Amino acid sequence: MDRMIYTAMTGAKHVMEKQATTSHNLANATTNGFRAQLDTFRAVPVQGADLATRAFVVDSTVGADFRAGPIQQTGRELDVAVQGQGWIAVQLEDGAEAYTRNGSLKLSENGILQTQSGLNVLGDGGPISVPPDVALAIAKDGTVSAVSTATKPAVNTVLGRIKLVNPEQAELVRGDDGLFRLKSGEPADAAENVALIGASLEGSNVNVVDEMVNMISLARQFEMHMNLLKNAENNANKAAQLLSLS
C-alpha cells in the first residue's frame, strides 16, 4: 500500500511543479518578446531489489517555445521588434552578454540606450551613447542614427549599430532573469541577416487559451492523485479494523 502512496504523492508533487510553469506562462502573456516555457512529464523507473515494476512521474523543463509572437506597431521611435529569428544583445551588470526579444528601449539619464529594465543595449563597439537634443532613428539593420534638432540644416550622425545575433536555438538557455544566454557562456557572433522592424513591439508567444486548458487538466490530474491517497488511507483503516477483530 505504501507503494501507491509514494507513487501518488510523487505524481501530485510534479503536477504542482508543472502547474507553476503554466501559471508563469500565463503571468507573462502580455510581456513583450516573452518565450513560453515548455515542461513535460517523463517516467522514471523505481530501482530496488525487486524487479522494476513501478515508475515515478517527474516534471522536466525541456526548453522554450521559440515561435514568434505577434508584431504590434506602436509608433514610438525607441521601439523595435526582431523580424523572424534573432535576438537583441544586452549587457548584464557583470559585463556578460544576454539576449532578449523585448525591443522596448529607452535612454538612461546619461544618454545610454537601454532596455526598460536598465540593461545597456550592446552595439558593435559596446553600449550606444546618445547625445542630447537629437531625434533617434533605428534602421532595419540595427543602425542607430541621431538627427540634430539644434542645428539647421539637421545633421545626421551614425551612433552605432545594435548587435543582433541568431545562434542555434538548441544552444540557448533561459536565465532566472528571463534573458537567454549561450550554454557555453561565450558571446554569440553578430548575425548580418537579422532585421528589425521600427516603431513596433513583439508580443508574448503564450497562447492563453491553451494554457488555461492545460491548467484545468493539471488541476484534474492533481485531484486524481489526491483521491488515490484517500483510497490508500481508507484501505489502511479497513485493514486495521479487520486485524483488530482477529
Side-chain angles (χ1 to χ4, degrees), residues 9-42 57-76 78-94 96-106 108 113-121 165-167 169-183 196-197 199-226:
M9 181 181 65
T10 306
K13 175 177 179 292
H14 289 278
V15 166
M16 288 183 64
E17 291 182 0
K18 191 169 183 179
Q19 191 74 289
T21 299
T22 303
S23 301
H24 178 70
N25 287 340
L26 280 173
N28 287 281
T30 58
T31 301
N32 294 324
F34 181 78
R35 291 291 180 263
Q37 183 172 326
L38 300 178
D39 279 14
T40 186
F41 289 133
R42 61 186 177 91
V57 63
V58 177
D59 177 47
S60 300
T61 300
V62 295
D65 181 359
F66 288 105
R67 290 179 296 179
I71 302 295
Q72 181 179 6
Q73 291 187 344
T74 64
R76 181 172 174 265
L78 290 181
D79 284 345
V80 291
V82 179
Q83 186 175 28
Q85 301 295 325
W87 301 83
I88 299 171
V90 296
Q91 186 179 45
L92 302 176
E93 294 181 354
D94 61 359
E97 192 171 299
Y99 311 107
T100 180
R101 297 274 298 192
N102 188 349
S104 180
L105 308 181
K106 68 174 184 178
S108 70
L113 190 63
Q114 294 181 332
T115 64
Q116 293 294 334
S117 59
L119 296 176
N120 294 338
V121 176
V165 302
N166 189 20
Q169 294 177 355
E171 299 298 322
L172 290 171
V173 59
R174 189 202 308 265
D176 294 336
D177 52 8
L179 300 172
F180 286 82
R181 302 160 172 78
L182 288 185
K183 293 178 181 177
L196 296 178
I197 303 174
S200 302
L201 286 176
E202 179 187 8
S204 170
N205 71 345
V206 173
N207 187 316
V208 177
V209 175
D210 287 347
E211 295 294 339
M212 287 298 296
V213 171
N214 193 28
M215 178 173 283
I216 295 171
S217 175
L218 289 171
R220 290 177 176 173
Q221 292 179 34
F222 183 81
E223 184 179 0
M224 180 188 69
H225 289 296
M226 291 297 101

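From a predicted model like this one, the values you see are computed outputs, not experimental measurements. Every heavy atom of this structure was used, including side-chain atoms; hydrogens, water molecules and symmetry mates were not.
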query = Would you say the side chain of L92 lies within less than 4.5 Å of the side chain of D177, judging by non-hydrogen atoms?
reply = yes

ask   = Judged by atom type as modelled, is there a donor-acceptor pair below 3.5 Å linking the side chain of N25 to the main-chain atoms of Q37?
value = yes

query = Are there more than 12 heavy atoms of other residues, nucleotides or ligands under 6.0 Å from atom CG of D176?
reply = no

request  = Please tell me if the side chains of V90 and E97 come closer than 4.5 Å, counting only heavy atoms from C-beta onward.
outcome  = no

query = Any donor-acceptor pair under 3.5 Å linking the side chain of N28 with the backbone of T31?
reply = no

key: I197 vs V80 side-chain heavy atoms within contact, under 4.5 Å   = no

request  = Give a yes or no answer on whether the side chain of R76 reaches the backbone of S104 with a donor-acceptor pair at less than 3.5 Å.
outcome  = no

message = Using only atom types and a distance under 3.5 Å, with no angle test, would you say the side chain of S217 pairs donor to acceptor with the backbone of V213?
response = no

ask   = From I88 CD1 over to N102 CG, what is the distance, rounded to the nearest 0.5 angstrom?
value = 8.0 Å

note = CG of N214 to CD of Q19, rounded to nearest 0.5 Å, is 7.5 Å

remark   = OG1 (T21) and CG (L38) are apart, to the nearest 0.5 Å, by 9.5 Å

key: Polar side-chain atom of T74 near backbone of A199 as donor-acceptor pair, under 3.5 Å   = yes

message = Which label fits F66 and W87: parallel for a plane angle under 30°, tilted from 30 to 60°, or perpendicular past 60°?
response = perpendicular

request  = Please identify each residue that fulfils salt bridge (charged side-chain N to carboxylate O under 4.0 Å, His left out) with R67, with sequence neighbours left out.
outcome  = D65

task = Give a yes or no answer on whether the side chain of Q116 reaches the backbone of L105 with a donor-acceptor pair at less than 3.5 Å.
result = yes

key: Spatial distance of atom CE (M9) from atom CE (M226) [nearest 0.5 Å]   = 9.5 Å

key: Residues E171, R181: salt bridge by 4.0 Å N-O rule   = no

Donor-acceptor contact below 3.5 Å, side chain T100 vs main chain L179 = no

query = More than 12 heavy atoms of other residues, nucleotides or ligands under 6.0 Å from CE of M16: is that the case?
reply = no

query = Looking only at atom types and distance, does a side-chain atom of R174 sit under 3.5 Å from a main-chain N or O of R35, one as donor and one as acceptor?
reply = yes

ask   = Could you go step by step and tell me if Q114 and N120 meet the side chain to side chain donor-acceptor pair (under 3.5 Å) rule?
value = CA-CA 4 Å; Q114 294 181 332; N120 294 338; 2.9 Å; yes

key: Chi angles and distances behind the side-chain contact (heavy atoms from CB on, under 4.5 Å) call for T30, V206   = CA-CA 8 Å; T30 58; V206 173; over 6 Å; no

inquiry  = Please confirm whether the ring centroid of F34 lies under 6.0 Å from the ring centroid of H24.
reply    = yes

request  = Tell me, yes or no, whether the heavy-atom count around Q72 atom CD, taken from other residues, nucleotides or ligands under 6.0 Å, exceeds 12.
outcome  = no

task = Say whether, by atom type as modelled, one donor and one acceptor occur between the side chain of K106 and the main chain of S117 under 3.5 angstrom.
result = no

ask   = Just by distance, do the side chain of E202 and the backbone of P70 share a donor-acceptor pair under 3.5 Å?
value = no

remark   = For I71 and S200, the nearest pair of non-hydrogen atoms, with its separation, is CG2-CB, 3.9 Å

ask   = Roughly how far, to the nearest 0.5 Å, is the CE atom of M212 from the CG atom of L26?
value = 6.5 Å

